[in-house]
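Here the structure comes first, spelled out in structure tokens, and everything after it is commentary.
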Amino acid sequence: QLRTELRGLNATPEEFRALFAATDPIDRELQLLGEDTGAEAAAKRARLEQQREAAIREALTPERFEEFRLLHDTHYLAAVVEARKAGAPAEAGRGLYEINHAAALERQRISADPSLSDEEKEEELSEIEKQHKVARAALLGLPPPPEAASTPPPPNVFQHRVGPHETLAGLSLYYRVPLSDLL
């Protein structure tokens with residue numbers, strides 16, 4: 001079961017042994033719960049699953065845990081498939097995932113902003129969608145969408161010092177600059 005769960009991670013023998021030692025006792029307890037759907041069993045199952053995730057996090061380096069987490073994220077896997085279908089390398093899936101994630105967060109922010117009228121929200125959401133399409137096309141090596149091709153480049157240039165955890169995709173959406181311009 002663990003080998004199946006680790007598919008795509010290419011765990012080293014040492015990582016596999018550490019993961020097995022960390023998760024096996026928890027997996028056994030989860031198996032003992034069986035199909036019990038009672039409230040107490042559900043609470044115990046949730047607690048054990050949290051312990052299991054913490055054990056996996058501890059057994060792997062932070063970078064490897066992030067790889068593991070992404071391999072179980074359906075949005076990430078869909079981005080990898082989309083990148084491959086477009087003829088881009090599988091590694092482009094990570095960038096596509098970040099672009100999609102940043103766009104989704106920006107859509108949520110705009111939708112939840114009480115200071116914007118419905119028309120302003122619609123206008124900003126439309127702009128986010130345009131930028132999202134341009135960034136995706138640039139990353140996948142596709143021609144820009146027709147609307148984006150006719151948009152003149154922004155007239156001003158400025159500097160930004162990249163902070164921890166900032167990505168090009170996030171900065172593209174934040175400053176409303178196509179990812180291709182940043183690249």
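Sequence positions, counted from 1, serve as the residue numbers for this chain.
The closest donor-acceptor contact from the side chain of Ser126 to the backbone of Glu122 lies at 3.5 Å or more, if one exists at all. Here the side chain of Ser111 pairs a donor or acceptor atom with the backbone of Arg107 at under 3.5 angstrom. Glu15 contributes a side-chain N or O that, together with a main-chain N or O of Thr12, makes up a donor-acceptor pair within less than 3.5 Å.
Summarising the geometry, atom CZ belonging to Phe68 is positioned 7.5 Å from atom CG belonging to Leu60; distances are rounded to the nearest 0.5 Å. Taking CD of Glu58 as the reference point, atom CG of Leu19 lies at 11.5 Å (rounded to 0.5 Å).
Under the 4.5 Å side-chain contact rule for hydrophobic residues, Leu32 and Leu30 do not share a cluster. Ile128 and Tyr174 sit in two unconnected hydrophobic clusters of ILVMFWY residues. Membership requires side-chain heavy atoms under 4.5 Å apart, directly or through other members. The cluster map of Ile, Leu, Val, Met, Phe, Trp and Tyr, joined by side-chain heavy atoms under 4.5 Å apart, puts Leu142 and Ile99 in the same cluster. In the hydrophobic clustering of ILVMFWY residues, with side-chain heavy atoms under 4.5 Å counting as a link, Phe16 and Ile26 come out apart. One hydrophobic cluster, built from ILVMFWY side chains closer than 4.5 Å, holds both Leu173 and Leu125.
The number of heavy-atom neighbours closer than 6.0 Å to CD of Glu40, taken from other residues, nucleotides and ligands shown, is 12 or below. More than 12 heavy atoms of other residues, nucleotides or ligands shown are found within 6.0 angstrom of CZ on Arg69. No more than 12 heavy atoms of other residues, nucleotides or ligands sit less than 6.0 Å from atom NE2 of His75. Counting non-hydrogen atoms of other residues, nucleotides and ligands closer than 6.0 Å to CD of Glu120 gives a total above 12. For Phe65, the CZ atom sits in a packed shell: over 12 heavy atoms of surrounding residues, nucleotides or ligands are nearer than 6.0 Å. Within 6.0 Å of CD on Glu166 lie more than 12 heavy atoms contributed by other residues, nucleotides or ligands.
Just one residue in the list Glu124, Gln131, Glu127 forms a side-chain hydrogen bond (donor to acceptor under 3.5 Å, both in side chains) with Arg176, and that residue is Glu124.
The shortest non-hydrogen separation linking Leu96 to Ala79 is CD2-O, 3.5 Å. Residues Gly170 and Ala102 share a closest heavy-atom pair of CA-CB, 4.0 Å. Between Gly95 and Leu139, the closest heavy-atom pair is C-CD2, 3.4 Å. Taking all atoms of both residues into account, the shortest heavy-atom contact from Pro144 to Ala137 is CA-CB, 4.2 Å. Gly8 and Leu71 get closest at one heavy-atom pair: C-CD1, 3.5 Å. Across Gly93 and Ala83, no two heavy atoms sit closer than the pair N-CB, 3.7 Å.
Under the rule for a side-chain hydrogen bond (donor to acceptor under 3.5 Å, both in side chains), Arg94 has no partner lying at least two apart in sequence or in another chain. With sequence neighbours excluded, no residue forms a side-chain hydrogen bond (donor to acceptor under 3.5 Å, both in side chains) with His101.
Residues Leu6 and Leu2 have side chains in contact (heavy-atom distance under 4.5 Å, counting atoms from C-beta outward). Side-chain contact between Arg84 and Val80 is present, with heavy atoms from C-beta onward closer than 4.5 Å. In this structure, Tyr97 and Asp73 have side chains that are in contact, with non-hydrogen atoms separated by less than 4.5 Å.
Sorted by first and then second residue, the side chain to side chain donor-acceptor pair (under 3.5 Å) pairs involving residues 43-55 (not counting sequence neighbours) are Glu5-Arg52, Asp27-Arg52.
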